[in-house]
Amino acid sequence: METKNVMIVGVGGQGSLLASKLLGRLLLTKGYDIKVSEVHGMSQRGGSVVTYVRYGDKVYSPIIDKGEADFIVSFELLEAARWTEFLKPGGKIITNTQQINPMPIITGAAEYPSDLDKKMAAAGIDLDAFDALSLAEEAGSSKAVNIVLMGRLSNYFDATVEEWMQAIEQSVPAKFLEMNKKAFDLGRNSK
Amino acid sequence: MKKLMLGNEAVARGLYEAGCSFVSSYPGTPSTEITEMVAKYEEVYAEWAPNEKVAMESAFGAAMAGKRSFCGMKHVGLNVAADPLFTISYTGVNAGMVIAVADDPGMHSSQNEQDSRHYARASKIPMFEPADSMEAIEFTKLAYEISEKFDTPVLLKMCTRVAHSQSIVETSDRVEAEKAYEKNPAKFIMMPGNAKRRHPIVEERTLALSEYAESASFNRVEEGSDKSVGIITSSTSYQYVKEVCGDKYPVLKLGMIWPLPVKLIENFAKSVDKVIVVEELDSFVEEHCRNIGIDVSGKDIFSCIDEFSQNIVADKFGKETVCGIKLDDSIPNRPPVMCAGCPHRGLFYTLAKNKITVHGDIGCYTLGAVPPLSALDSTICMGASISGLHGFNKANKGESDGKTVAVIGDSTFMHSGMTGLVNIAYNSSNSTVIILDNSITGMTGHQQNPTTGYNLKGDPASKIDLETLCRAIGINRVRVVDPYNLKECETTIKEELEAQEPSVIISRRPCALLKYVKHNKPLVVDQDKCKSCKMCMKIGCPAISMSGGKAKIDNTLCTGCGVCEQLCKFDALSAPKEV
């Protein structure tokens, strides 16, 4: 199988690292070769963060380059728009519609571009944009946005709900398991 | 069992399996997790040393005692530890000793892009370079074998993309390894007479290692169908080459980057029409090829700046790449920022407000440089704030004393700030140093240090008293302020700048991200009182924005620190009323 590429993008502190670990665990049970590339250090402090998940028969490079991503899963709308060039022709962007202002916007040096979801769709991007934050809050915590997004991604993935649930169990603390299972269901089934 | 493992965790696993029993390191991205992960194995003693030089010397002591030892650091950390490095090359080891150094091509979290391979050649110490997590385990174990077989410390070179990528590994059991210590002055006492006798041994060792590198399995040729080009590469560059070219061209994949083989490269070059060296940063392997008389391409094609990717390699090999859709809108940058509730914010606001020249240092507080605070004037390396301030003030002959400070974190002060403060006291410059004591090593992800009262394993440890230490160094004026209290900060800074003797201000409050730090309720904005003056925006807090012309607080971020509240002249920001 040709290598498949999933980019997980967001704002430092939103929990994208856990999402990439979860996805890695899921893919390991499917028998693929896998590489997951993470971001640590300076860039974590509220900056733009990106993690790469690659799987297939044999994966060499740990990173995803422009024009290569089969999926971009974005925790924030501006971040989805930032990485569109990395999407493969025919790839799909799944994004939370939540907006978090970066410092240049907070200080007034820049403005948050309007209607980014509409502009992405108009540009011909296959886009699944939805309010993952509200669903996470409905599940019990705004911190569960990552699992809501994984639930949404699961609709397009060749893995059973049981396999996903097993990977979630391995990735989240036991006391938050039920909340995260609910977050996954809400992400997967709300349309 | 197959597992997904981070490159750094794989090094830790390799240490465990190789029977390493002593680890001393100083944290630095992208090397930190090796030591954090190895500390979880009960069989391994692991510690955070105050700096890399101390870590390396401690690890050497352990190897001399007969225990396999390790120290890990980032590329710039090896500069700090270069002093012992060059001499333990002469002494060699007893039990094996491995030194991991993690480069950061692309400078994801570093102040320069230095290529640590030069240290291997300069210090005449062999260096392994894994390309994924499985190799990280294998090469770590191999490094101990080589260390003991050839009586040398061994360098293990990581880089960001190997250190911080997970890939599949298979683990093995631990094998214990120990040797007895015997007194051997001719080997371990490096006074000139002994060192003169050791140097030829080092040169012979390098020749022997070079010979060993000719046929060892870590340097391998992968056949290719098209012999018009042959590629010599290693580490992540190897991964990008294979991603792009597959099995098209023959590849010489190097696992040991110093010393390099001669005949292996000569034979490889003979088997192809043209050789291209693909390596990130400097032309290290390329120069070796030229030195042995082989004409190769390298930096005439590939840049010595920034990290590579598959598209960069594809472009150089004339392979087309596609690019996704680019939106017409310009997308504003999202630079890293100081967290909401960060104790550094109030202090930097005060420094910027009073137009003070600030010599900065390495840590989260480097973010004080970005707008709107823009409070820093320099950042060089660990400890440079204090020594830089001393030189700046001395050279200005008193003119800058009253308007210049150094800022340095608690961990960085312990690392290499103390000696700069000794110089200020000893050579009496009228300088004011501010220690930003947030009770943790912040930027690298919360490591304990000698000022926190806990060790790497989380057990209570001796706690350095910064006030007593500064006084002992010879600073008579030592004051402590709460950086959340803007008035106290401003008054204290002004008084200490006016004082006609060296002084230290300790700005003390724990990092807002520490688990034990309790946050206050998010502040509320009184819409009627807010006059849209944007004073609260001047501190660059990510929790504050303007919405409909009025200040708005993000409840998910605000920690209720109250710094913005002190800036508002109209009392529009306040803690929520108790119901």
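In this text the structure is predicted, and so the values were computed from the model without any measurement. Here is how names work: the chains are called A, B, and so on, in the same order as the sequence lines, proteins then strands, and each is numbered from 1.
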Part of C342(B) lying under 4.5 Å from any heavy atom of chain A: neither

Sub-4.5 Å side-chain heavy-atom contact between K35(A) and T3(A): no

Considering only heavy atoms, which portion of T32(B) lies under 4.5 Å from any heavy atom of chain A: side chain, backbone, both, or neither? neither

Do the charged groups of R54(A) and E243(B) touch, with an N to O distance under 4.0 Å? yes

E169(A) with K181(A): basic N within carboxylate O range, under 4.0 Å: yes

Measure the acute angle between the ring planes of W164(A) and F157(A), then classify it against the limits of 30° and 60° as parallel, tilted or perpendicular. perpendicular

Residue C323(B) versus chain A: region with a heavy atom under 4.5 Å: both

What residue, out of A131(B), P332(B), P371(B), has the most heavy-atom pairs lying under 4.5 Å from chain A? P332(B)

P372(B), part contacting chain A, at a heavy-atom distance under 4.5 Å: both

Examine whether an atom of K88(A) lies under 4.5 Å from a heavy atom of chain B, and if so say whether it belongs to the side chain, the backbone or both; otherwise answer neither. neither

Is T321(B) close to chain A through its backbone or its side chain, or both, or neither, when contacts mean heavy atoms under 4.5 Å? neither

Any luck finding a side-chain donor-acceptor pair between T444(B) and T29(B) under 3.5 Å? no

Could you check whether D247(B) pairs with K242(B) (Lys NZ or Arg NE/NH1/NH2 to Asp/Glu carboxylate O, under 4.0 Å)? yes

Name the region of L87(A), side chain, backbone, both or neither, that has any atom closer than 4.5 Å to a heavy atom of chain B. backbone

If one checks every heavy atom of N311(B) against chain A at 4.5 Å, the contacting part turns out to be both

Quick one: of A110(A), P113(A), S114(A), who has the most non-hydrogen atom pairs under 4.5 Å with chain B? P113(A)

Check the angle between the aromatic planes of Y365(B) and H344(B) and answer parallel, tilted or perpendicular using the 30° and 60° thresholds. perpendicular

Identify which part of K538(B) has an atom lying under 4.5 Å from any heavy atom of chain A, answering side chain, backbone, both or neither. neither

Go through the steps for S133(B) and Q166(B) under the test side-chain hydrogen bond (donor to acceptor under 3.5 Å, both in side chains), then give the verdict. CA-CA 7 Å; S133(B) 296; Q166(B) 298 179 56; over 6 Å; no

Any chance the side chains of T233(B) and Y240(B) put a donor and an acceptor closer than 3.5 Å? no

Residue L28(A) versus chain B: region with a heavy atom under 4.5 Å: side chain

Cut-off 4.5 Å, heavy atoms of chain A, and the answer for D328(B) is neither

Okay, L557(B) and chain A: the region with an atom under 4.5 Å from a heavy atom over there is neither

Applying a strict 4.5 Å limit to non-hydrogen atoms, the region of I100(A) in contact with chain B is both

M158(B) and S31(B): side chain to side chain contact (heavy atoms under 4.5 Å, CB included), yes or no, with the steps? CA-CA 8 Å; M158(B) 301 291 281; S31(B) 71; over 6 Å; no

Side chain, backbone, both or neither of Y32(A) within contact of chain B (heavy atoms, under 4.5 Å): backbone

So which residue, M120(A), E68(A), E38(A), ends up with the most heavy-atom pairs under 4.5 Å with chain B? E38(A)

Who wins among I63(A), L78(A), T107(A) for the most heavy-atom pairs under 4.5 Å with chain B? I63(A)

Any side-chain heavy-atom pair of Y52(A) and S61(A) under 4.5 Å: no

Under 4.5 Å to a heavy atom of chain A? For M546(B) that would be neither

Pair S309(B)-D65(A), side-chain donor/acceptor within less than 3.5 Å: yes

